[in-house]
Novice: 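Below: one structure in C-alpha cells.
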Amino acid sequence: GDYRHIIDIDPDSVRTFHYQANDDSFLVSGLFSRACHRAAVSFNHDPEHRQAIEKLMKLESREQGQDAGQLFGAIISESFRKSALTIEEQVKGLNGLKFEGLVRQAFREQGYKIVEGHPRYNGQGADCDILASLPPSRHDLFLPEEVAVQVKWKQGIDHNDVEGIRQIIEWTDLHGSNAMKWVISSADGFSDDARKLAEEKDVLLTCGMQTMCFLLGIADRYRDDWSLDR
C-alpha cells in the first residue's frame with residue numbers, strides 16, 4: 001500500500017562515510033549533491049560509481065573526513081594508477097622487439113640520449129639492449145654518466161629473470177663500464193633470487209606497473225601498494 005516508496009534495509013548493512021573520508025566516498029557523494037534525486041539514481045548505473053560503492057561497502061564506516069590535501073592527493077594518485085593499468089593492458093599485444101622500442105622511446109622523451117651503435121651482445125652471455133647518457137638535469141659528480149639497460153618482455157612472473165641481471169652485469173664488466181645497471185621488465189614481479197643478486201651487484205629493477213609508469217613518464221608517481229588493488 002506504500003506504492004513501493006519504503007524499502008526495508010538491514011541495519012547491519014548500513015555504512016556511513018564522511019564525504020571526504022576517501023576518494024570513493026568523495027565520488028559517490030557527488031551523486032547526492034544534485035538537486036534532483038532522480039539524477040543520483042540514474043548515475044548509480046555508471047560502472048565507476050558502482051565500483052566505488054562496492055568498495056565502500058567492504059570498509060568500516062568512517063564519519064570523519066580527510067584533510068583536503070590528502071584527499072586530492074589520493075584522487076590524483078588513483079588517476080595515475082588507472083593510467084598505468086590502461087597502458088599495461090595496451091602493451092600486452094606487443095612482442096619483445098616492439099616493447100624494447102617503446103622503452104627506448106621513453107628514455108628519449110625523458111631527456112636521455114641513446115648511444116647508437118654501442119657493443120650489444122658478445123655471444124657469451126653479456127648483453128646490453130640500451131645504452132643511454134643521463135639528461136643534463138640529472139648530472140651529478142656521484143652518479144654514473146650512462147645507464148646500461150637490459151629490457152625483458154615477459155608476462156606474469158619471469159622465472160628466468162636472474163639471467164637478465166647476469167647479462168647486464170657481465171656487459172658492464174666486459175667493457176669496464178661504470179654505467180648504472182638497470183633491468184626493465186614487463187613481468188609482474190621479480191623472483192627472490194633475482195632481487196638478491198640485484199642488491200649485491202647494484203642493479204636497478206623495474207617491473208609491472210612501475211614499468212608502465214616509466215613508459216608514461218610518471219615513474220615518480222608509482223606507489224608500491226597499487227598492486228594490492230588492481
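Any value given below was found using the heavy atoms of this structure, including those in side chains, with hydrogens, waters and symmetry copies removed.
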Novice: With heavy-atom distances below 4.5 Å as the criterion, would you say the side chains of V203 and W182 are in contact?
Specialist: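 Counting from C-beta outward, V203 and W182 never come under 4.5 Å.
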
Novice: Following the transitive rule for hydrophobic clusters with a side-chain heavy-atom cut-off under 4.5 Å over Ile, Leu, Val, Met, Phe, Trp and Tyr, establish whether V147 and L102 coincide in one cluster.
Specialist: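 Yes, because V147 and L102 connect within a single hydrophobic cluster, where side-chain heavy atoms sit under 4.5 Å apart.
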
Novice: Below 4.5 Å, heavy atoms only, C-beta onward: do L56 and N22 meet side chain to side chain?
Specialist: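 With C-beta onward as the side chain, the pair touches.
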
Novice: What's the verdict on side-chain contact (heavy atoms from CB on, under 4.5 Å) for L216 and Y222, showing C-alpha distance, side-chain angles and the deciding distance?
Specialist: CA-CA 11 Å; L216 288 167; Y222 172 75; over 6 Å; no

Novice: Enter the distance from D127:CG to L174:CG here, rounded to the nearest 0.5 Å.
Specialist: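 These two atoms lie 11.5 Å from each other.
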
Novice: Within the structure provided, determine whether V183 and V149 are in side-chain contact (heavy-atom separation under 4.5 Å).
Specialist: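 In short, these two side chains do not touch, never coming nearer than 4.5 Å.
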
Novice: I'd like to know whether Q155 forms a side-chain contact (heavy atoms from CB on, under 4.5 Å) with K92, so could you lay out the CA-CA distance, the side-chain angles of the two residues, the decisive distance to 0.1 Å, and finally the verdict.
Specialist: CA-CA 8 Å; Q155 299 293 320; K92 285 181 179 179; 4.2 Å; yes

Novice: Which pairs count as salt bridge (charged side-chain N to carboxylate O under 4.0 Å, His left out) when at least one residue sits in residues 151-171, sequence neighbours excluded?
Specialist: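 Applying salt bridge (charged side-chain N to carboxylate O under 4.0 Å, His left out) to every pair that reaches into residues 151-171, excluding sequence neighbours, yields nothing.
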
Novice: List the steps, then state whether ring-ring contact (aromatic ring centres under 6.0 Å, His included) holds for F17 with F26.
Specialist: CA-CA 9 Å; F17 292 92; F26 191 69; over 10 Å; no

Novice: Measure the spacing between OG of S13 and CE of M57 and express it to the nearest 0.5 Å.
Specialist: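 Between atom OG of S13 and atom CE of M57 there are 5.5 Å.
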
Novice: Taking all atoms of both residues into account, what is the closest heavy-atom pair of I114 and F107, and its distance?
Specialist: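 In this case the closest contact between I114 and F107 is CD1-CB, 4.0 Å.
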
Novice: Looking at every heavy atom in both T16 and S61, which two are closest together, and how far apart are they?
Specialist: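 It is N-OG, 2.9 Å.
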
Novice: Look only at the side chain of S177 and the backbone of D173, and say whether a donor-acceptor pair between them is shorter than 3.5 Å.
Specialist: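 Checked: no pair found.
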
Novice: Please name the pair of heavy atoms, one in Q110 and one in G217, separated by the smallest distance, quoted to 0.1 Å.
Specialist: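 Shortest heavy-atom contact: NE2-CA, 3.8 Å.
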
Novice: Between K196 and E199, is there a salt bridge with N-O shorter than 4.0 Å?
Specialist: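 The answer is no: the pair does not qualify as a salt bridge.
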
Novice: Using a 4.5 Å cut-off on heavy atoms from C-beta on, say whether the side chain of L134 contacts that of E146.
Specialist: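 They are not in contact (no side-chain heavy atoms under 4.5 Å apart), so the answer is no.
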
Novice: I need the minimum non-hydrogen distance between K55 and D24, along with the two atoms involved.
Specialist: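 Heavy atoms only, the tightest pair is CE-OD2, 3.3 Å.
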
Novice: Report yes or no: do L94 and V103 belong to one cluster of Ile/Leu/Val/Met/Phe/Trp/Tyr joined by side chain heavy-atom distances under 4.5 Å?
Specialist: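 Same cluster: L94 reaches V103 through Ile, Leu, Val, Met, Phe, Trp or Tyr contacts under 4.5 Å.
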
Novice: Identify the two heavy atoms, one from E88 and one from M209, that lie closest to each other, and give their separation to 0.1 Å.
Specialist: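 Reported closest heavy-atom pair: OE2-CG, 4.0 Å.
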
Novice: Working to the nearest 0.5 angstrom, can you tell me the gap between N178 CG and T172 OG1?
Specialist: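 Separation between the atoms: 9.5 Å.
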
Novice: When clusters are formed by joining ILVMFWY residues with side-chain heavy atoms under 4.5 Å apart, either directly or through shared neighbours, do I130 and I184 land in the same one?
Specialist: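 Result: yes, single cluster for both.
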
Novice: Check whether any side-chain heavy atom of R108 sits under 4.5 Å from a side-chain heavy atom of K113, and report yes or no.
Specialist: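 R108 does not reach K113 side chain to side chain.
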
Novice: Measure the CD1-SG distance between I169 and C128 for me, rounded to the nearest 0.5 Å.
Specialist: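 That separation rounds to 13.0 Å.
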
Novice: Distance from S25 atom OG to I53 atom CD1, nearest 0.5 Å?
Specialist: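 It comes to 11.5 Å.
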
Novice: Side chains of R195 and L205: closer than 4.5 Å at any heavy-atom pair?
Specialist: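 Yes, side chains in contact.
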
Novice: Going hydrophobic residue to hydrophobic residue with side-chain gaps under 4.5 angstrom, can you get from M180 over to F190?
Specialist: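 No, because M180 and F190 fall into different hydrophobic clusters, even though each may have its own neighbours under 4.5 Å.
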
Novice: Is there a donor-acceptor pair closer than 3.5 Å between any side-chain N or O of R62 and the backbone N or O of H18?
Specialist: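 No; zero donor-acceptor contacts below 3.5 Å.
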
Novice: According to a 4.5 Å side-chain heavy-atom criterion applied to Ile, Leu, Val, Met, Phe, Trp and Tyr, with indirect links allowed, do L197 and L204 form part of one hydrophobic cluster?
Specialist: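 Looking at the clustering, L204 is in a separate group from L197.
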
Novice: Any chance CG of D192 has more than 12 other-residue heavy atoms, nucleotides or ligands included, within less than 6.0 Å?
Specialist: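 Check fails, neighbour count at 12 or below.
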
Novice: Can you list the residues that meet the side-chain hydrogen bond (donor to acceptor under 3.5 Å, both in side chains) rule with H175, with sequence neighbours excluded?
Specialist: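 W171.
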
Novice: Considering non-hydrogen atoms only, spot the tightest contact between C207 and D188 and give its length.
Specialist: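 So the minimum-distance heavy-atom pair works out to SG-O, 3.7 Å.
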
Novice: Please indicate whether E60 has more than 12 foreign heavy atoms, meaning atoms of other residues, nucleotides or ligands, lying under 6.0 Å from its CD.
Specialist: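 Open: at most 12 neighbouring heavy atoms sit under 6.0 Å from CD of E60.
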
Novice: Show your working on side-chain contact (heavy atoms from CB on, under 4.5 Å) between F80 and C213 and close with a plain yes or no.
Specialist: CA-CA 8 Å; F80 285 122; C213 286; 5.8 Å; no

Novice: How many angstroms lie between atom CG of D220 and atom CZ of R223, to the nearest 0.5 angstrom?
Specialist: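 Rounded to the nearest 0.5 Å, the CG-CZ separation comes to 7.5 Å.
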
Novice: Side chains of S185 and T206, heavy atoms from C-beta outward: is any pair under 4.5 Å?
Specialist: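 Contact flag for S185/T206 side chains = no.
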
Novice: May I ask you to test the V14-I9 pair for a side-chain heavy-atom distance under 4.5 Å?
Specialist: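 A side-chain contact under 4.5 Å exists here.
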
Novice: Determine whether K181 and D202 satisfy the following criterion, salt bridge (Lys or Arg N to Asp or Glu O under 4.0 Å), listing intermediate values before the conclusion.
Specialist: CA-CA 7 Å; K181 299 179 287 293; D202 293 323; 5.8 Å; no

Novice: Using a strict cut-off of less than 4.0 Å between a Lys/Arg side-chain nitrogen and an Asp/Glu carboxylate oxygen, indicate whether E89 and K82 qualify as a salt bridge.
Specialist: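 Here E89 does not pair with K82 in a salt bridge, since their nearest N and O are not under 4.0 Å apart.
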
